[in-house]
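Below: the structure, in structure tokens.
In this text, all values refer to a predicted model and were calculated from it rather than measured experimentally.
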Amino acid sequence: MSLRGVPTAEVFQRAVDGERRALGRLLTLVERGGAAGDEIAEISHPKAGRCHVVGLTGAPGAGKSTITGRLAAAAGVATGDSHRGVGVVAIDPSSPITGGAILGDRIRMDEVIDREGTFVRSMATRGSSGGLALAVPGAIRVLDSVDYNPVIIETVGVGQVEVDIAGTADTTIVVVTPGWGDAVQANKAGLLEVADIFVVNKAERPGAADARRDLELMLDLGAHPEPGKPIWRAPIVMTTATDGIGIDDLWSEVENHREWLTETGELNARRQSRDRFEMLGRIDELLGAIGRARAQSPVGEQLLKRVESRELSPTAAAAELLADLLE
Amino acid sequence: MSDGTTGGDEPLRVILAKLGLDGHDRGLKVVARMLRDAGVEVIYLGLRQTTDTIINAAEQEDADAIGLSMHNAGHLTLAPRMVDAVKDAGLDIPVIVGGIIPEEDAIELSEKGVAAVLGPGASTEDVIGAIRNSVTT
Amino acid sequence: MSDDKGSDDKGSDEARQEWQEAFEKTPQRDVDFETMSGVPVDPLYGEGPYPGQYPFTRGVYPSMYRSRLWTMRMFAGFGTAEDTNGRFKELLRAGGTGLSTAFDMPTLMGRDSDSEWALGEVGRAGVAIDTLADMGDLFADIDLSGVSTSMTINGPAPIIMAMYIATAENSGVERSALAGTIQNDIFKEYQAQKEYIYPPRPSVRLITDLMKYTSAEMPKWHPVSISGYHIREAGSTAAQELAFTLANGFAYVEAAVAAGLDVDDFAPRLSFFFNSHIDFFEEIGKFRAARRIWARWMKERYGAKNTKSMLCRFHTQTAGVSLTAQQPENNIARVAIQALAGALGGSQSLHTDAYDEAMALPTEKSARIALRTQQIVAHETGAANVIDPLGGSPYVEWMTDEMERRAEEIFEHLDALGNGSILEGVYEGIENGYFVGEIADAAYRFERGVNSGRRIIVGVNDFTEGDEGEKNLLRISAEVEEYQLKRLASVKQARDDEAVATALAQVTADAEDPTVNMMPSLIAAVKTMATEEEVVMAMEKVFGTYVERAIV
């Protein structure tokens, strides 16, 4: 009964055959990384590359989970039986002190959570941003390889990594609410930059029209077309997600954007950049591991002593330790 | 400090939910915070869940344990149903019940496959201990 | 705030004189107002504002317990309607005049006994009411014009109210003769107790509909009992209980005024329900502050003219959450202290918890001990001989001011959240998780204190030897469920389904039009033997359902 001890390849096959707990286990292994994670990447990569990846980010309390749930439901209806279903990865922060987390996104996705075709996975950031940068592309790849399409990634748009993760999607949705500016002051520019579609949620409230106008203005000001690059002006969709208002419009905009990506060749460019993002993350991880191992070796300890005696700077010591890699 | 991991570096993943109509969620929320602060990843489902929604979550989230909080008289009916649902789904994860459970009921629940019963006043150590014990056995 | 002694700038001699006159006009209880050693005691010591004078810090009435003790109200309800009817009749034979009804969980949530959700819950924590037939059984052979009935229900309150009205009318009692209280306080459901059905705004419409209906047709009825009890049980601090409850009260006032009622038409019928927890002086400060805050806000912010609109009259219940499963007999001591705080805080009525309630519904014996506990407070301790006996104590006065200050901070936050409307602030605080988050944080802080041993709970984390537990717990048999299912099936069998469908369609139609009062179509629907859940669903088509989305 247990999946413990079952070879990874077999777990993968069972997930392909539609066993949901096998898919659940694969995502755990991907999140943990290590040898099993690597093996899953090897198995799943050739089968992946079909699904449309939607990133969704915004300030805490903007209604992201509710929109994600509703959007997943709309996508499920629109895509029908052509795929296994819609995949959702909802990311919440871990406690920086204890490493634990309370993952509460599922309760805000009651629209889809119990639909046969939807697969929702909650993920915690687990402290190291590098880990998340690896785990999320891995999770997308697994869901993709067992034919979930689209896959929606929801992140809190307060940390750069979270914004980057949503930003490497094929289509990135940035959710704001009336009076949103204050909540994400530090990251406003970053959020604006990654947006392919804006959502003004809680649009029934006073200030919604102002929020829309502000966004239009910022889009006007920020319109510096790069020569030779196709132009996409992010549409602004007004929603009241708790009542499902505006969600169908949002899904049509996602489809419009997807068509535009395909027609202009932007889709391949995005995927390339996502591959690059993941590869760079992996390089960081590998180099970090090598560097840490060397730092703990006798050679490393010797260098540290020289730093202590003011003979070498920490920078010079690090450079010397990795000299062969830095040539 | 309690260790809310699987034994390696990985955090335990625990589902917390209430079955049925009972709306007393103080205990559930306290336990959610306790577990978070012990390093556990809590998948919080909250109120008015069914055995189906919990099984769904357990599969998709690859949970290590299911924690149910019960403050009405329904525990003798509802908790064994959860245990059966876990079995029927082919899962091997423990069901742990917390709340106002008289001692003789706790014995009956254990006999029906509930992995641990925690009464009011259980400490963080008790809760983590119960989860760890039932996950590893 | 503490400088403001209120009392409309009257000289202190004049205020004293006024109190004296008011006091002398009220009849006194026929007892000797002296200590057990025979020392005579005055009704009042210390300074004004005096009891019965704005802002009522020292009591809502001039003579308080010198005239009449608080009402000793105990809660009953279990099993079938017939079982509870038997209990009611016993109470009435024993000289009681107030009936207090507890409903089972499915009834509280608007579900019929045959619903999938009701399994294992029917008749367990209170009485099961599915149709008007059950309500008829519940009050069979009881003259509803001669009793005061309290019904603790919120989400489906207007439906249960409709059944009560229909039951009375079927027995030939005019609705205008009905006296009692229905809890009907939906805000604290989203904040704490979680027994909601519809989203906040349509729920508030139902409440204002009931307020309009009773203020026009049922002058002896209290349409809302604004309850902090459950907020505290969910883990809030005393100041949060105070502030959230009164803010909910302000929100209902704003909603009723917006619905076209005059504040003085309904505010005198509002009443409150507080928790009495174990930190003795904090509780007393909380009760005193509640009266002062309510009076000031009603007068200054909401322009009440009628003094009765300014009175914060409240029922108190001892803190169920403070009872321990370990060494349960210790709970008798806890309840006694909490009951004393309730009395010294000037409660109008009091419910004392039974010592075994941490584990189950009370047995007959434990319920009797609970009642005896408040009788001891009332008749033996002398606490009822003097009005506001702690008034003037520097610590108690400071605590009262401090509770008020903390509450005012919360009102300021809610007022800002609602752009100058407490009602909108409460809606927003529900939606953005402010209330549930604050309460859960406070509960966790408390729990960590217990966990670390910084806060001692006797018998739980210290002094733990000698726990024998409690073996004699009340068990509700599963037969109740079987009986109730049969009863429901036979009522459905006998009714006119076409009439039911027509009446339910009218309920849906009325729900769609916010200018229509729901009460008449609800009464018509329950008279056709439409079930509680069917009526709930007829409105749900329009109102939708509520799911808590706030982060833990």
Side-chain angles (χ1 to χ4, degrees), chain A residues 1-4 11 14-15 18-34 36-37 85 87-110 112-116 118-128 131 143 148, chain B residues 1-6 8-18 25 28-64 86-94 124 128 131 135-137:
Chain A
M1 300 241 297
S2 172
L3 284 170
R4 260 182 219 111
V11 178
R14 282 160 68 167
E19 194 179 308
R20 288 188 305 173
R21 67 180 178 130
L23 179 54
R25 174 53 53 88
L26 284 180
L27 293 172
T28 302
L29 296 173
V30 166
E31 213 177 355
R32 283 183 192 170
V88 174
V89 179
I91 298 162
D92 275 327
S94 300
S95 158
I97 300 159
T98 67
I102 298 176
L103 308 171
D105 288 320
R106 295 186 80 92
I107 55 176
R108 290 184 291 275
M109 294 185 190
D110 55 318
V112 290
I113 216 83
D114 300 309
R115 282 168 68 109
E116 192 52 39
T118 317
F119 194 97
V120 179
R121 178 61 172 234
S122 313
M123 239 183 220
T125 52
R126 296 200 176 171
S128 88
L143 288 166
Y148 281 91
Chain B
M1 190 64 222
S2 309
D3 178 11
T5 67
T6 50
D9 290 337
E10 306 304 324
L12 283 166
R13 289 169 66 82
V14 176
I15 287 175
L16 291 185
K18 285 187 76 88
D25 59 1
L28 197 69
K29 289 187 171 182
V30 165
V31 169
R33 283 162 161 74
M34 261 185 192
L35 293 178
R36 177 198 62 198
D37 289 351
V40 173
E41 288 182 4
V42 174
I43 294 120
Y44 188 84
L45 302 184
L47 296 174
R48 316 232 151 84
Q49 299 299 309
T50 64
T51 52
D52 285 351
T53 62
I54 293 172
I55 293 295
N56 257 341
E59 289 180 338
Q60 296 177 12
E61 303 289 355
D62 193 25
D64 297 304
V86 168
K87 260 186 234 144
D88 292 348
L91 298 171
D92 60 347
I93 49 181
T124 307
I128 296 283
I131 295 171
V135 167
T136 46
T137 51

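- The backbone N or O of A:Phe119 lies less than 3.5 Å from no partner atom in the side chain of B:Gln60, so there is not a single donor-acceptor pair.
- A donor-acceptor contact shorter than 3.5 Å is absent between the side chain of A:Arg21 and the backbone of B:Ala89.
- Atom CE of A:Met123 and atom CD of B:Glu61 lie 9.5 Å apart (nearest 0.5 Å).
- Heavy-atom pairs under 4.5 Å with chain A were tallied for B:Leu47, B:Val14, B:Leu45, B:Thr50; the largest tally goes to B:Leu45.
- To the nearest 0.5 Å, the span separating CD1 on A:Ile102 from CG on B:Asp37 amounts to 7.5 Å.
- Options A:Ser95, A:Ala124, A:Ser94, A:Ser122 differ in how many heavy-atom pairs under 4.5 Å they form with chain B, and the most are formed by A:Ser122.
- Across all non-hydrogen atoms, the minimal contact from A:Thr98 to B:Arg36 is OG1-O, 2.8 Å.
- B:Gln49 places none of its side-chain heavy atoms less than 4.5 Å from the side chain of A:Arg106.
- When heavy atoms are compared at a cutoff of 4.5 Å, B:Ala57 approaches chain A by way of both its backbone and its side chain.
- With rounding to the nearest 0.5 Å, the separation of CG in B:Asp64 from OG1 in A:Thr28 is 8.0 Å.
- Contact between A:Ile107 and B:Tyr44 at its shortest, heavy atoms only, is CG2-O, 3.5 Å.
- The closest side-chain heavy-atom distance from B:Asp62 to A:Arg121 is below 4.5 Å.
- For the pair B:Glu10 and A:Arg126, the minimum side-chain heavy-atom distance is below 4.5 Å.
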